[in-house]
Amino acid sequence: MLKKIVLLAALSSVTAFTPIAPAQRSVTPISKTEIFGEDKEHNAPSGAQAISALTSGVKTIFSLEDIAKILPHRYPFLLVDKVVEYEEGKRAVGIKSVTLNEPHFTGHFPDRPIMPGVLQVEALAQLAGIVCLQMEGAEPGAVFFFAGVDGVKWKKPVVPGDTLVMEVEIKKWNKRFGIATAEGRAYVDGEIAVELDEMKFALAK
């Protein structure tokens with residue numbers, strides 16, 4: 001009898017302290033795609049064709065073959081793949097596709113390949129050369145030398161797989177002496193990678 005009384009008392013104490021279920025709340029489920037940032041509605045376009053179409057409005061003005069007729073540079077030192085905007089005697093926008101196959105990446109650096117900053121400046125100079133070598137007083141294929149660079153700033157590393165979109169503007173051109181002054185900048189994924197206030201170069205005599 002005493003055992004039954006103790007058992008009933010124990011059961012009563014458990015019932016007394018049983019937690020009351022909280023009020024039901026409406027919960028909107030979160031999908032896996034939203035958690036991992038894969039929601040197609042917020043990350044369009046999707047797929048190779050849609051991504052490729054992003055550059056469909058960019059037209060080639062000078063192809064690699066055209067550039068080879070203007071610049072004296074050749075592999076592995078031809079650093080402009082194509083020109084997509086061009087104003088005669090004034091400015092140009094060019095593309096440099098950066099790939100691991102370029103020889104300087106074997107040593108710069110073996111474990112972390114980065115396009116040397118001086119080659120980024122050289123690529124800008126070559127783009128300026130495409131403009132200048134088609135101006136009065138110059139001839140396509142002529143050799144030109146660096147005379148100076150001022151105000152160079154590197155903002156982010158340029159690595160294999162990047163597309164370096166470059167823009168140069170010719171500020172001065174002395175056709176008598178073959179001396180040019182230009183400014184330039186280059187972008188990767190819409191962010192500035194390198195910019196310079198002024199570069200000077202002269203045609204070889």
Side-chain angles (χ1 to χ4, degrees), residues 33 36-40 42-86 91-133 141 143-146 148-169 182-199 201:
T33 57
F36 291 98
E38 301 171 3
D39 192 341
K40 292 184 179 180
H42 297 89
N43 291 280
S46 178
Q49 182 178 5
I51 293 172
S52 176
L54 293 174
T55 58
S56 61
V58 180
K59 305 302 180 184
T60 299
I61 307 300
F62 296 128
S63 66
L64 187 61
E65 291 78 9
D66 297 326
I67 292 171
K69 296 175 183 177
I70 302 170
L71 293 180
H73 306 74
R74 295 295 182 267
Y75 177 85
F77 220 69
L78 179 55
L79 301 176
V80 183
D81 294 329
K82 62 181 177 180
V83 174
V84 295
E85 287 186 5
Y86 175 74
R91 59 179 289 275
V93 174
I95 306 295
K96 162 63 180 167
S97 298
V98 183
T99 74
L100 189 61
N101 295 327
E102 297 171 62
H104 48 265
F105 287 126
T106 60
H108 195 278
F109 299 96
D111 296 325
R112 189 181 179 186
I114 297 174
M115 183 179 183
V118 292
L119 291 187
Q120 297 171 37
V121 175
E122 170 66 23
L124 287 167
Q126 291 184 17
L127 182 60
I130 292 172
V131 179
C132 291
L133 290 180
V143 175
F144 57 93
F145 303 121
F146 253 128
V149 183
D150 292 317
V152 183
K153 299 181 183 68
W154 288 275
K155 302 293 186 178
K156 61 178 295 185
V158 178
V159 301
D162 284 344
T163 299
L164 194 65
V165 182
M166 306 172 288
E167 182 173 12
V168 296
E169 183 178 351
E183 64 179 20
R185 64 201 64 83
Y187 302 83
V188 173
D189 295 331
E191 296 182 9
I192 189 77
V194 58
E195 60 183 349
L196 52 86
D197 296 333
E198 183 179 270
M199 58 182 168
F201 42 88

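Heavy-atom basis, side chains included; hydrogens, waters and symmetry copies ignored.
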- [ ] Decide, yes or no, whether a salt bridge links K155 with E191 under the criterion of side-chain N to carboxylate O below 4.0 Å.
- [x]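 Looking at E191 together with K155, the answer is no, because their closest N to O distance does not fall below 4.0 Å.
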
Open item on the list: Under the rule for ring-ring contact (aromatic ring centres under 6.0 Å, His included), what residues qualify as partners of F62, not counting sequence neighbours?
Closed with: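 Scan of F62 (ring-ring contact (aromatic ring centres under 6.0 Å, His included), adjacent residues dropped) gives Y86.
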
Task: ring-ring contact (aromatic ring centres under 6.0 Å, His included) involving F201 - partner list, sequence neighbours excluded - done: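 ring-ring contact (aromatic ring centres under 6.0 Å, His included) list for F201, sorted by chain: F144.
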
Nearest non-hydrogen partners of [X] and [Y], listed with the distance:
X: G129; Y: L71; value: C-CD2, 4.0 Å
X: T99; Y: P160; value: C-CB, 4.1 Å
X: G107; Y: P110; value: O-CD, 3.7 Å
X: M166; Y: A186; value: CG-CB, 3.8 Å

First locate atom [atom1] of [X], then atom [atom2] of [Y], and finally report the distance between them rounded to the nearest 0.5 Å.
X: D162; Y: K96; atom1: CG; atom2: NZ; result: 11.5 Å
X: Q49; Y: I51; atom1: CD; atom2: CD1; result: 11.0 Å
X: E167; Y: E183; atom1: CD; atom2: CD; result: 8.5 Å
X: L100; Y: T106; atom1: CG; atom2: OG1; result: 9.5 Å
X: W154; Y: L196; atom1: CH2; atom2: CG; result: 8.5 Å
X: C132; Y: I70; atom1: SG; atom2: CD1; result: 11.5 Å

TODO: Go through the steps to decide whether I67 and H73 satisfy the test side chain to side chain contact (heavy atoms under 4.5 Å, CB included), and finish with yes or no.
DONE: CA-CA 9 Å; I67 292 171; H73 306 74; over 6 Å; no

Open item on the list: With side-chain contact (heavy atoms from CB on, under 4.5 Å) as the test, pick out the partner of I95 among T60, L127, T163.
Closed with: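 For I95, the side-chain contact (heavy atoms from CB on, under 4.5 Å) test succeeds with only one of T60, L127, T163, which is T163.
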
Please list every donor-acceptor pair under 3.5 Å in which a side-chain atom of residues 114-125 meets a protein atom from a residue at least two apart or in another chain.
residue : atom : partner : partner atom : Å
Q120    : NE2  : M115    : O            : 3.1
E122    : OE2  : Q126    : NE2          : 2.9

Open item on the list: The criterion is side-chain contact (heavy atoms from CB on, under 4.5 Å); which residues satisfy it with K69, sequence neighbours excluded?
Closed with: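 None.
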
TODO: Not counting sequence neighbours, which residues clear side-chain contact (heavy atoms from CB on, under 4.5 Å) with Y75? List them please.
DONE: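 In terms of side-chain contact (heavy atoms from CB on, under 4.5 Å), with neighbours along the sequence ignored, Y75 is linked to P103.
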
N/O donor-acceptor pairs under 3.5 Å from side chains in residues 76-85, not counting sequence neighbours:
residue : atom : partner : partner atom : Å
D81     : OD2  : S97     : N            : 2.7
E85     : OE1  : R91     : NH1          : 3.3
E85     : OE1  : R91     : NH2          : 2.8

Task: Residue R112 excluded, over 12 heavy atoms near CZ under 6.0 Å - done: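 Not more than 12 within 6.0 Å, no.
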
- [ ] For side chain to side chain contact (heavy atoms under 4.5 Å, CB included), just list the numbers for V159 and V98, CA-CA rounded to whole Å, side-chain angles, deciding distance to a tenth of an Å, and then say yes or no.
- [x] CA-CA 7 Å; V159 301; V98 183; over 6 Å; no

